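Here is the structure we will look at.
All heavy atoms count here, side chains included; hydrogens, waters and symmetry mates do not. The model shown is predicted, which means the values in this text are computed figures rather than measured ones. Chain letters run A, B, ... following the sequence lines, proteins first, then strands; residues in each count from 1.
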Number of protein chains: 2
Amino acid sequence: MKRPTIADIARRAGVSKGAVSYALNGQPGVSEATRQRIVAIAQEIGFNPNSAARALSGASARAVGLTLSRPARILSIEPFFMGLISGFEAELAARSYALTLQVVATPEQEIDVYRRWWGERRIDGVIVTDLREDDVRIPVLQQLQLPAVVIGGPGDTGKIAQVWSDDAGAITETVRYLVALGHRRIARVGGLPDLLHTQTRTRAFNDVCTALGLNEAVTMPSDYTGEEGGRATRRLLIGADRPTAIIYDNDVMAVAGLAVAQEMGLAVPGDLSIVAWDDSPLCSLVHPPLTALSRDIAEYGAHAARELLAAIDGKQVNNVEAGTAHLTPRGSTAPPR
Amino acid sequence: MKRPTIADIARRAGVSKGAVSYALNGQPGVSEATRQRIVAIAQEIGFNPNSAARALSGASARAVGLTLSRPARILSIEPFFMGLISGFEAELAARSYALTLQVVATPEQEIDVYRRWWGERRIDGVIVTDLREDDVRIPVLQQLQLPAVVIGGPGDTGKIAQVWSDDAGAITETVRYLVALGHRRIARVGGLPDLLHTQTRTRAFNDVCTALGLNEAVTMPSDYTGEEGGRATRRLLIGADRPTAIIYDNDVMAVAGLAVAQEMGLAVPGDLSIVAWDDSPLCSLVHPPLTALSRDIAEYGAHAARELLAAIDGKQVNNVEAGTAHLTPRGSTAPPR
DNA sequence: GAAATTTACTGAACCGGATAAGTTGTGGAG
DNA sequence: CTCCACAACTTATCCGGTTCAGTAAATTTC
């Protein structure tokens, strides 16, 4: 089936291609009567402008790119990214931008994808997640002058906009809450250590523990997987002065930690309190339901999408903080026995 | 930064645009020496063909579309879709096709998205999930002559290819296994009732229960969410002759069911055996780990992607079955007390 | 009422590739 | 030595929009 073009509309309306273009784009240069006639014909024959032709004649591709850089076995379970994608989408769809997705294995491959997408003019901008220290992707994005928004910071990204949430504030609140419950030995199972927001959390965790006079702030590095989270938990719990509370950097590890505690015969929250970072249905599903640091991930994604669209439109964008996660107490936290 | 075009390469190589196009696409019409010179220049200046220009001159858009039609709160936790996406991607990336994603709320909106994508020539084909009975999307796809592959069947989709897995065989195997363990009262918490694969499962479940002489095959309809799965479980367990085993149509509901059983003071697997459909890290994370119907979801997605690419290439594709899920016994199933 | 301006268009160039058709130059057959 | 076939290009056109430079008619201005 031949898809209709503006030439078809022009023929039926008895005007030139140019007039049709003006009419459909709300440009001046056609009378209101003609415009309505053209729009009606376009509607009737189900016209959609060929995105390739549009992109070729200088306009934008009306698409943005996102790479997912974690291995499939983590992605498949990590609710965070799906929430983020939903949030982007809501914002992008409203301005009829498409979202192009690619799964990558390494930062180098990710850079290649950006290079290719930009070179092909397939996208107008990208959303970058998991900012690292001295991130190799940043200079490439700057060199390409590819509009971008970075999620996870704050860090040094030059003129590239950032969207982040106040992780330091959230972890401080959490530790204070646990201390108020009576906990003195609080440990943490962290995310990937080279991610900037993991470092932010670790630093804030150490600071607040010192400030409150707690002995030592142990952070077990991990990788967001359930297996690693479980292993880290086991290592924390076999010591003589085991912690009475553990904060996990994501929900998956927290659920795994809960399973390990139960397997070792520890009561939750009686013997061990558990806090998950990033609330998700997962946290309410398990028994006991997990106390979690909630934030609106979809809104976080929507925020990033808005910033990116602004950057694409050439507006100068600044680093924005998109709200602090707040503690949602559930059944997994209580005073230690 | 101006992105290089074939005209730039042509100038530097001292040949015409046409020669560059032939050289880069492996077409005959240039000598091997010239071809290598051109390829070297393209490499050096980091040339990527403008996808819009390419798509405009008759070639394909080198992109396929996927809509996600469940509400965000389910998508965010359902590991199935992420696994599927990973699988597509592996296959698409290998042939440098892009994946365009859109979250939709209703089948009607989904149809609109297909119409727009196809009209805009943004994509070459789509992957359709969650086939229903008399699915409204199928006639639209046929009318548009939009290459497509349907996941979840088998059903009547005319010439549109389908990829499905043998759900009937899997559920039969599961029921036989539970009966072999000594269970006589087996219930099921199903997925959305209007999905075709849910109906296939329900029918097979009823059939095998009848064949094995079990009293009644109760299927509680649900919607894949943890909340609904938990509610359905509670309803099943409050009866006098409560089931000793429950099969869940996805992992999220199974985890929720486990929590409900524990909350009601029932031992798993002592008082209640649990089987989850679709294995995921989630199933191994909880305590006890859940017996699950495992299948390689990523491979399932890769299979669908291959079929779609074949359909785009104009090859006649047939309905293919992509393997049966097999039972992975873990700690959540045992003989009833 | 003639000149100046505005309105409502048309025609053509352009974006960056793909490709059909035309143009050389070379080597081999006859 | 000529003719032909073929390789190795060049030239020109096309894809479907956007946009700029024209143009004729209508309207305003003094």
**Request:** Return no unless some side-chain N or O of A:T34 is found under 4.0 Å from OP1 or OP2 of C:dC9.
**Result:** yes

**Prompt:** Atom CZ of B:R54 to atom P of D:dG17: distance rounded to whole Å?
**Reply:** 21 Å

**Asked** Between B:R295 and B:S165, do the side chains contain an N or O donor and an N or O acceptor separated by less than 3.5 Å?
**Response** yes

**Request:** Assign B:S31 to base, sugar-phosphate, or nothing according to its heavy-atom contacts below 4.0 angstrom with the strands shown.
**Result:** sugar-phosphate

**Item:** Short side-chain N/O contact from A:S51 to OP1 or OP2 of D:dG17, under 4.0 Å
**Value:** no

**Request:** Quick one: label A:S16 by what it contacts on the DNA or RNA (base, sugar-phosphate, nothing), any heavy atom closer than 4.0 Å.
**Result:** base

**Request:** Round to the nearest Å and state the distance from A:I6 atom CD1 to C:dT10 atom P.
**Result:** 12 Å

**Request:** Answer with base, sugar-phosphate or nothing: what part of the nucleic acid does A:V15 contact at a heavy-atom distance below 4.0 Å?
**Result:** sugar-phosphate

**Asked** Rounded to whole angstrom units, what separation is found between the CG atom of A:L56 and the C1' atom of C:dC15?
**Response** 4 Å

**Message:** Distance check needed: C:dC14 P versus A:R121 CZ, whole Å only.
**Reply:** 17 Å

**From CA spacing to verdict: salt bridge (charged side-chain N to carboxylate O under 4.0 Å, His left out), A:R54, B:E120** = CA-CA 9 Å; A:R54 195 172 240 183; B:E120 292 179 346; 5.6 Å; no

**Prompt:** A:I9 CD1 to D:dG16 P: how many Å, rounded?
**Reply:** 12 Å

**Request:** Validate the cation-pi geometry between A:R137 and A:Y114: distance from NZ or CZ to the six-membered ring centre under 6.0 Å, angle to the ring axis within 45°.
**Result:** no

**Prompt:** Does any donor-acceptor pair link the side chain of B:Y22 with the base of D:dA7 at a separation under 3.5 Å?
**Reply:** no

**Request:** Check whether any side-chain N or O of A:S57 sits under 4.0 Å from OP1 or OP2 of C:dC14, and answer yes or no.
**Result:** no

**Request:** May I ask you to decide whether B:R95 forms a salt bridge with B:D313, counting only side-chain N to carboxylate O separations under 4.0 Å?
**Result:** yes

**Request:** For B:T157 and B:Q162, test the side chains for any donor-to-acceptor distance below 3.5 angstrom and give the result as yes or no.
**Result:** yes

**Value in whole Å for how far the C1' atom of C:dA20 lies from CD of B:Q27** = 12 Å

**Message:** What contact category does A:T5 fall into here, base, sugar-phosphate, or nothing, at under 4.0 angstrom with non-hydrogen atoms?
**Reply:** sugar-phosphate

**Asked** Which whole-number value in Å describes the distance from B:E120 CD to D:dT18 C1'?
**Response** 16 Å

**Fill in**
The residue, B:A53 or B:A19, whose nearest nucleotide of DNA chain D is more 5′ is B:A19

**Complete:** Taking for A:K17 and for A:R37 the nucleotide of DNA chain C with the nearest heavy atom, the one nearer the 5' end belongs to A:R37

**Item:** Separation of atom CG in B:N25 from atom C1' in D:dC9, rounded to whole Å
**Value:** 16 Å

